[in-house]
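Each ligand, and each atom within it, is numbered from 1 in the order the structure gives. Scope of the values below: all heavy atoms of this structure, side chains included, with no hydrogens, waters or symmetry mates.
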Amino acid sequence: MKTLFGPFTQILTMSNMAFKGSLSDEQLRIIKNGGIIVEGDRIVEVGNFSDLKHMCKSVHEIEFECIILPGLIDCHTHICFAGSRANEYSKKIQGINYQQILSEGGGIYQTMEQTELNSDEELKKLTLSRLKRHFFEGVLTCEVKSGYGMDLIQERRLLKVINQIEKECPTDIIPTCLAAHVPPKNKNNLSREYLKLIVKELFPALKKENLAKRVDVFIEKNAFNINEAEEFLNSARQNGFDITAHTNQFSSGGLSIAVKSGALSVDHLEVISDEEIKLLSNSDTTGVVLPGCSLGLGLPFAPARKILDSGCKLAIATDWNPGSAPMGDLLMQASILASNQKLNNAEIFSGLTYRSANALGLNDRGIIEPNRIADFIGFKLPDYREILYNQGKIKPSFICKRGEVYDK
Ligand code: NIG
Ligand code: FE
């Protein structure tokens with residue numbers, strides 16, 4: 001059965017906009033007094049509410065002024081974890097740095113230890129509560145990485161948990177294997193062997209049990225170096241996985257091998273040279289910037305303005321994790337990025353919708369037009385520009401996920 005939703009004060013459809021490079025607000029296709037017809041989990045028609053009314057017997061009437069955006073897509077998170085790193089955060093705000101804590105066996109290793117102490121049920125509960133918070137803040141599709149497993153057995157367990165929770169919440173979850181997060185504790189000299197073991201033992205299990213189609217690696221000091229990461233990413237590609245990389249967070253160099261290996265995205269980019277930006281702009285790889293990580297670590301933002309002006313693909317994600325980005329509020333972080341980097345509404349909203357879908361290799365969402373998945377969110381505001389002006393503090397009041405309406 002077809003249902004008409006509306007009337008909406010403004011619908012930002014995000015249709016007919018470029019995937020690469022800078023944008024202007026004039027390019028936004030805004031439908032005033034709009035309506036959206038949905039059948040099953042798909043959009044059938046978008047247009048003027050009164051014009052569409054005769055096409056549907058069923059109408060879901062909206063009684064407040066409402067600005068509609070496509071459902072947000074968070075293309076980079078680490079929300080499957082247990083425990084807190086508040087102890088380390090207190091040290092970080094006194095000046096001890098992230099890399100030092102990691103090199104001393106804390107940081108990611110601390111979360112690995114805490115995660116291992118929790119049962120599957122406890123981990124599911126923790127991850128689901130984060131997904132729920134995200135959902136009501138507008139994130140209707142969420143990538144979730146493993147990465148807090150001490151060994152391959154734990155990594156496989158985390159990916160199973162991530163897969164199982166998809167049935168228990170409305171969010172579409174995109175699982176990513178980040179077994180190559182850091183080398184086994186106190187065994188940095190075994191990093192290459194560890195990567196080989198992932199390829200030999202974990203990849204076949206991921207395929208057999210259908211646990212992940214995407215593989216990630218952290219390229220950095222105290223994690224994996226450029227040569228071993230290149231070998232690893234190429235093996236992942238040869239095994240049929242989509243690939244992505246954590247790179248250029250504290251040092252540059254990893255981006256070029258990730259792009260050459262055909263990565264769908266390169267994420268972080270706080271430290272990036274002009275040559276690397278050029279390489280990215282000549283590729284199909286999306287640069288994913290993570291303002292929540294800069295906020296969490298008190299470090300400069302990735303140069304998003306320059307990346308867009310150089311013609312690159314750019315998406316924005318939370319990086320929600322217990323160490324570098326504990327806040328997890330996508331809209332607020334994107335709003336802060338907008339004011340810091342001078343990104344306009346069109347650039348921010350594209351980076352949170354169809355461009356982040358593209359970073360995940362998804363082309364069925366992120367735009368409000370016929371045949372796309374019926375994912376859209378509504379804000380009780382008179383004008384779309386109020387969203388960033390309020391710095392992401394005003395959350396959606398209306399959520400439609402795959403054609404179903406959800407209340408808090
Ligand atoms: O993207 N840099 C590596 N991984 C995460 C942080 C993980 C953690 O500190 O627990 C990130 O920032
Ligand atoms: Fe990350």
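- Of the N and O atoms on the side chains of Asn248 and Glu276, at least one donor lies less than 3.5 Å from an acceptor on the other residue.
- Protein atoms that are N, O or S and lie under 2.8 Å from the Fe ion (ligand 2) are these: His76 NE2, His78 NE2, His246 NE2, Asp319 OD1.
- Ring pair Phe19/Tyr354 is perpendicular by interplanar angle, where above 60° counts as perpendicular and below 30° as parallel.
- Arg130 places a side-chain N or O within donor-acceptor distance of the main-chain N or O of Phe81, the cut-off being under 3.5 Å.
- Looking at Ser191 and Glu228, their side chains do bring a donor and an acceptor atom within 3.5 Å of each other.
- Nearest to atom 12 (O) of ligand 1 by heavy-atom distance, out of Ser324, Gly147, Pro322, Gly296, is Ser324.
- The ligand atoms of ligand 1 that sit less than 4.0 angstrom from a heavy atom of Gln249 are 2 (N), 12 (O).
- For the 3.5 Å distance criterion, the side chains of Ser252 and Ser273 fail to qualify, holding no donor opposite an acceptor.
- In this structure, the side chains of Ile162 and Pro175 come closer than 4.5 Å at one or more pairs of heavy atoms.
- Put simply, the side chain of Gln333 never gets that close to the backbone of Leu330: no donor and acceptor are under 3.5 Å apart.
- Atoms of ligand 1 lying under 4.0 Å from any heavy atom of Arg85, numbered from 1 in the order shown and given with element: 8 (C), 9 (O), 10 (O).
- With hydrogens left out, the protein atom closest to atom 7 (C) of ligand 1 is Tyr148 OH, 3.3 Å, a heavy atom.
- Here atom 6 (C) of ligand 1 lies nearest to Tyr98 when heavy atoms of Trp320, Tyr98, Phe218 are compared.
- Residue contact annotation: Asp319 has a non-hydrogen atom under 4.0 Å from ligand 1.
- A donor-acceptor contact closer than 3.5 angstrom is absent between the side chains of Arg355 and Thr286.
- Listed by atom number, the atoms of ligand 1 under 4.0 Å from Gly323 heavy atoms are 9 (O), 10 (O).
- Under a 4.0 angstrom heavy-atom cut-off, His268 registers as being in contact with ligand 1.
- Formation of a donor-acceptor pair under 3.5 Å by the Glu209 side chain with backbone atoms of Leu206 is not found in this model.
- Scanning all protein heavy atoms for the shortest distance to atom 4 (N) of ligand 1 gives His181 NE2, 2.9 Å.
- Using modelled atom types, one finds no donor on one side chain facing an acceptor on the other under 3.5 Å when comparing Ser261 with Glu230.
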